[in-house]
Amino acid sequence: MLANLQAEIKGAIEQVFDYQLPDNQLIVSPTKKEFEGEYTFVTFPLVKALKNKPEVLGEQMGAYLKANSSIVSDFNVVKGFLNLSLNDGFWSSALSTVGEDTFGSRPANGKTFMVEFSSPNTNKPLHLGHIRNILLGWSMAQIAEANGYKVIKTQVINDRGIAVCKSMIAWQDLGEGKTPESTGTKGDHFVGSYYVAFEQVFQKEYKAWQETEQGQEVFSSLAKEGQDAGTFFKGYKNKYFNEYSAIGARTKEMLLKWEAEDPEVITLWKKMNGWVYEGFETTYKKLGVNFDYNNYESETYLLGKEFVDEGLKSGVFYKKDDGSTWIDLESAKMDHKIVLRSDGTSVYVTQDLGTAHQRYEQYKMDHLVYVVADEQDYHFKVLFEILKRLGEPYAESLYHLSYGMVDLPSGKMKSREGTVVDADDLVEEVIGEARKASQERGGLEGISTEEQEEIYRKVGLSALKYFIIKVNPKKRMTFDPKESVDMQGQTGPYIQNAFVRIQSIFRKAGVAKVDQPKDALEFNNLERDLIVQLSQYPHVLEEAFNKYDPSIIANYSYTLAKSFHRFYHDCRILNAETESLKQNRLYLSQTIGSILESSMQLLGMEMPEYM
RNA sequence: GGCCACGUAGCUCAAUUGGAUAGAGUACCUGAUUACGGCUCAGGAGGUUGAGGGUUCGACUCCUUCCGUGGUCACCA
């Protein structure tokens, strides 16, 4: 119906000024609340073309519209802004449009949208950073679906490499045959603890070595002028691991065995991975997310090599004397980048080249979105540039949804300092807070315990999820655990509360659903404002999709909930002055409830019936 | 140091993409509502949008120079 108004305005410009305003200059937006009217047309773009003052243009258009338009009831002009008030007929039909079942979502467009997110390592449990990643990926998937796409959700599981061998070695050395079952530990945490144990053993060995003759000799011959031992050895760690460390040598030997598919190593690897996957599955389930398929690095790490031959032939790549293969990206303002080691094995980008190609072969997706933190911006610039140069047909359809890292009030999360916030702990904590708050209020009586727990889960998770998803993805954010469990103000539970109020009204009214009354109706300012907001929902959905930004929806849901709370407070719904007014308000509330529910669902949050 | 982000109320975040007097939440103060100190509503106070210059009817937004914070510059993934 906004289109309706835009058409009327466009027509008015043609009639009054005999001028065609290009669509991108036709700016119509909701009127700011300190002014009279509901929609505002900005006249400045007309000024140059028509060589007249903005106020005069506004007056002329307003007068014309008031006299001739079927929907404009009044107008006023402030500077170059033409504020229009619309009549009840307009609002009535607008309300019936937003009340349609399919309002907001778009029909299938036959295109495929693939999104990769989460992508954990098998030697560490999921943490707060993964939660931001998962929420973004999951939301984008839902949003794409609402915009008519067929969606494929995927994750890359980093299940191989030297790091994985570390936890295997540590379990062999220290595990004494223990298992997650025998210790009552969640599998991913169980394996993660051995990874940590490995690092401890290694650090101890490294420290001791630094005092040996050999260590001292390395220091004095390689350290830079004036560099102290601490700084030097910090930077020398990888080299030590590869050249001197005993446990390092064993780890590397295991990796070689793994690559040679040594049965014993593979069996151990599969066993430990199984524990981890079970743990991840539990966490995903609790968070309410799932994937359509997984890419395992153990299966993709050899991919991409065929590109190298091809690229060498076409001159995209070049070979160095030591046998390594490179690409020169200077013309794209980047550096030279290695794509194949001198021993002929793939590196990170090469694997990603292969994986992208494989995905396209299999799914022919129209969009492929990687949800990965912004520390990898450069990697994805390189990856996309290479695919472009190789002439891959999907190269232009790739997007890196780059998001800022999550900080704590105390600063950065550092695994070495033990300040990483564990995902499972966090989820339990927010659910616990929801339970506590509810019980202290003494609500939820007369509901079964299982149902209560289900409500605490929904409420607690929405507090956590909303706190994270409301922030623009590209910005680095601060996560304050105290604020994340808040349920007042701009929070998930506040929005849920609006929904619950609506459900409670309907329970009291004794009906499940109402139709829009047909009698001529009047609308007050609060109602008009709500309809304006509801009308924006499709644009919000589209914008969130185009900008890869779920926070737009989060902020929208909040303002809608806020307007409803105010409406609820100021206007009687069940005790409205007339029966038709009551029906109309019920219908409006019902529509708000359904849009609140569907918009929150896009962000991975569920609505409770009570709270 | 090169390159890339970011910088808005004490704190956490917005700002319809270049539009009106930069808005919310939180914390603080006041009132309403409440079976309720603590999931609701209203009001108050809180700002030179990091700094300077430029572009124009109009700049938080675009250009430019500084300052600050973070990231990245591996034959790790």
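Below, chains carry the letters A, B, ... as their sequence lines are ordered, and counting in each starts from 1. The figures that follow rest on heavy atoms only: side chains count, while hydrogens, waters and symmetry mates do not.
Partners of A:Gln503 by side chain to side chain contact (heavy atoms under 4.5 Å, CB included), not counting sequence neighbours, listed by chain and number: A:Phe499, A:Arg507, A:Glu609. A:Glu330 pairs by the side chain to side chain contact (heavy atoms under 4.5 Å, CB included) definition with A:Asp328, A:His336, not counting sequence neighbours. Every residue meeting the salt bridge (Lys or Arg N to Asp or Glu O under 4.0 Å) condition with A:Glu543, not counting sequence neighbours, appears here in chain and number order: A:Lys547. Applying the ring-ring contact (aromatic ring centres under 6.0 Å, His included) rule to A:Phe241 yields the partners A:Phe202; only residues at least two apart in sequence or on another chain are considered. The side chain to side chain contact (heavy atoms under 4.5 Å, CB included) check on A:Val420 picks up A:His127, A:Met413, A:Ser415, with sequence neighbours excluded. Applying the ring-ring contact (aromatic ring centres under 6.0 Å, His included) rule to A:Tyr610 yields no partners; only residues at least two apart in sequence or on another chain are considered.
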What protein N or O atoms touch nucleotides 62-65 of chain B N or O atoms at under 3.5 angstrom, if any, and at what distances?
none

Taking only N/O atoms, report every protein-nucleotides 28-31 of chain B pair under 3.5 Å with atom names and distance.
none

Give every pair of a protein N or O atom and an N or O atom of nucleotides 10-13 of chain B that lie under 3.5 Å apart, one pair per line with the distance.
unit_1, atom_1, unit_2, atom_2, d
B:rC13, OP1, A:Thr478, N, 2.7

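At a non-hydrogen distance threshold of 4.0 Å, A:Asp335 from residues 327-337 of chain A come into contact with RNA chain B.
Counting only Watson-Crick and G-U wobble pairs whose two distances sit under 3.5 Å, RNA chain B takes part in these stems of three or more pairs: B:1-7 with B:67-73, B:10-13 with B:23-26, B:28-32 with B:40-44, B:50-54 with B:62-66.
Closest to the side chain of A:Asn238, from the set B:rC41, B:rC75, B:rA74, is B:rA74.
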Less than 3.5 Å apart, which donor and acceptor atoms pair up between the side chains of residues 405-412 of chain A and the rest of the protein, not counting sequence neighbours?
unit_1, atom_1, unit_2, atom_2, d
A:Asp407, OD1, A:Arg476, NH2, 3.1
A:Asp407, OD2, A:Arg476, NE, 2.8

